[in-house]
Amino acid sequence: MTTHPLRAKRRRSALAAKRRRTALRTLAFMAPWLIGFAVFFAYPLLSTVYFSFTRYDGFRPPVFNGLDNWTYVFTRYPQFWPAMRNTLWLVVVMVACRVAFGLGVGLLVTKVRTGAGIFRTLFYLPYLAPPVAATLSFVFLLNPGTGPVNTLLDGAGLPQPGWFTDADWSKPALTLLAVWGVGDLMVIFMAALLDVPKEQYEAAELDGAGAWQRFRHITLPNISPIILFAVVTGVIQAMQYYTQPLVAGKAAAGVIGGSGQQFEPGYPDKSTLTLPQIVYNTGFQRFDYGTACVLALVLFTLCMAFTALLMRRRGGLIGGGHR
């Protein structure tokens, strides 16, 4: 029995109309996201790419100047490479220290039997401190002349670093500040650790596995997605590191407060200079938007490259995860 050609054509038309209605319904549900993506991501990104090839001060119309901005940033801009080195240092060292310390604190708190709530509160409270207030407090605590930390080191007969006034110690001091506020990672790791099946630990103990073997072969594989999440978000945060190094440099240089004060970020000796700082300084203080757009694109490319690398290497990130 054959289908009548007219009936088959009507059926195809009905199916096509149904697909169009489904597509329109799906598009309607996706419209808020698509509009937000276009307005807040696609358009700004394309505009940044365009302005990076122009001479633009925000007042006069942009003038196309080819690769002049890119050449200037990579060959003649004196603050670019120090900011790049500092940012990469913070990405590697500060993120690693925060993840390791956050995981260690999470393990400690989950093992505590008495007063666990007090420990959780004490470790989480520093994370709630406003960045400016926390940074100013650390500058005071680590003041090389009057700070209590160096006073204690002096009493113990140990060397007293210059901390935020010494170019060799400013980034380690910022790392200490970041580790002090590790409460967010502690909470995330605690939730992951408590979710590891206890049966696996019991089976490993019966097989004679020690504490390190249980941690390596059971804990790490189970929490590897959380570690990856912590590393990726930490890298993105380090790439956007702006407030703490700027406030620390200002406070150490003694220029906090006072409207109209001019301050070049990076004190001491460009050691606290980061890429977000020179993006803001170039674009909104020097009104060189073309160069600022180049710096912003470099920062965006680095974020994407680090994220892509970590996602590709996630199996070897923790040395013992699933293969």
Side-chain angles (χ1 to χ4, degrees), residues 39-92 94-95 131-132 135 139 164 167 170-171 174 177-178 235-307:
V39 173
F40 297 109
F41 182 80
Y43 172 73
L45 179 60
L46 294 175
S47 298
T48 302
V49 173
Y50 167 71
F51 287 129
S52 69
F53 296 102
T54 65
R55 185 170 62 253
Y56 183 45
D57 59 6
F59 301 99
R60 290 166 293 187
V63 178
F64 183 79
N65 63 354
L67 295 173
D68 288 355
N69 295 330
W70 292 85
T71 304
Y72 171 70
V73 166
F74 285 100
T75 60
R76 301 192 306 276
Y77 191 26
Q79 293 182 317
F80 174 70
W81 288 111
M84 174 71 80
R85 287 191 294 269
N86 293 337
T87 302
L88 294 178
W89 191 98
L90 293 170
V91 165
V92 174
M94 188 174 71
V95 173
V132 174
T135 305
V139 173
F164 290 110
S170 57
K171 287 189 288 294
L174 287 172
L177 172 61
V235 167
I236 294 173
Q237 290 172 358
M239 286 288 181
Q240 299 173 347
Y241 207 49
Y242 176 84
T243 302
Q244 290 88 337
L246 182 66
V247 173
K250 281 188 172 184
V255 296
I256 285 290
S259 61
Q261 286 181 316
Q262 295 297 319
F263 176 76
E264 284 292 328
Y267 180 87
D269 194 24
K270 299 181 181 179
S271 62
T272 59
L273 190 65
T274 61
L275 286 176
Q277 288 180 8
I278 61 174
V279 171
Y280 180 86
N281 182 263
T282 304
F284 297 102
Q285 293 182 324
R286 302 181 183 277
F287 299 103
D288 186 357
Y289 290 110
T291 301
C293 286
V294 173
L295 296 168
L297 289 173
V298 170
L299 191 59
F300 173 77
T301 303
L302 285 174
C303 285
M304 295 299 292
F306 271 108
T307 303

- Would you check if T272 and L174 make a side-chain contact, meaning some heavy-atom pair closer than 4.5 Å? yes
- How long is the gap from OG on S52 to CG on N65, to the nearest 0.5 Å? 9.0 Å
- Message: I'd like to know if the side chain of D269 and the backbone of S271 have a donor-acceptor N/O pair within less than 3.5 Å.
- Response: no
- Task: With the side chain counted from C-beta on, respond yes when N86 and K171 share a heavy-atom pair under 4.5 Å apart, and no when they do not.
- Result: yes
- Exam field: side chain T274 to backbone T87, donor-acceptor pair closer than 3.5 Å: no
- Query: What distance do F80 atom CZ and R85 atom CZ have between them, rounded to the nearest 0.5 Å?
  - Reply: 10.5 Å
Let me have the donor-acceptor pairs involving side chains of residues 289-297, under 3.5 Å, with sequence neighbours excluded, atom names and distances please.
{"unit_1": "T291", "atom_1": "OG1", "unit_2": "D288", "atom_2": "OD1", "d": "3.3"}
{"unit_1": "T291", "atom_1": "OG1", "unit_2": "D288", "atom_2": "OD2", "d": "2.7"}

- Message: So which atom in V139 and which in A248 form the shortest heavy-atom distance, rounded to 0.1 Å?
- Response: CG2-CA, 3.9 Å
- Message: Within the structure provided, determine whether F53 and W70 are in side-chain contact (heavy-atom separation under 4.5 Å).
- Response: yes
- Task: For residues L273 and E264, determine if any side-chain heavy atom of one lies less than 4.5 Å from a side-chain heavy atom of the other.
- Result: no
- Query: Rounded to the nearest 0.5 Å, how far does CZ of F51 lie from CG of N69?
  - Reply: 12.0 Å
- Are side-chain heavy atoms of V279 and F284 found at a separation under 4.5 Å? no
- Task: Find out whether P276 and L299 are in side-chain contact, i.e. whether some heavy atom of one side chain is under 4.5 Å from a heavy atom of the other.
- Result: yes
- Message: Ignoring hydrogens and geometry beyond distance, is a side-chain donor-acceptor pair present between Q79 and Y77 at under 3.5 Å?
- Response: yes
- Item | Any donor-acceptor pair under 3.5 Å from T307 side chain to M304 backbone | no
- Message: Could you report the tightest heavy-atom contact between Y72 and P78, atom names first, then the distance?
- Response: OH-CD, 4.5 Å
- Query: Counting N and O atoms only, with roles assigned by atom type, does the side chain of W81 sit under 3.5 Å from a partner on the main chain of F74, one being a donor and the other an acceptor?
  - Reply: yes
- Message: Is any side-chain heavy atom of Y267 closer than 4.5 Å to one of K250?
- Response: no
- Calculate, to the nearest 0.5 Å, the distance between atoms OG1 and OH belonging to T48 and Y43 respectively. 9.5 Å
- Message: With rounding to the nearest 0.5 angstrom, report the CG to CE distance, L90 to M239.
- Response: 10.0 Å
- Does the side chain of L302 come within less than 4.5 Å of L275's, by heavy atoms? yes
- Item | Under 3.5 Å side-chain donor-acceptor pair for Q277 and N281 | no
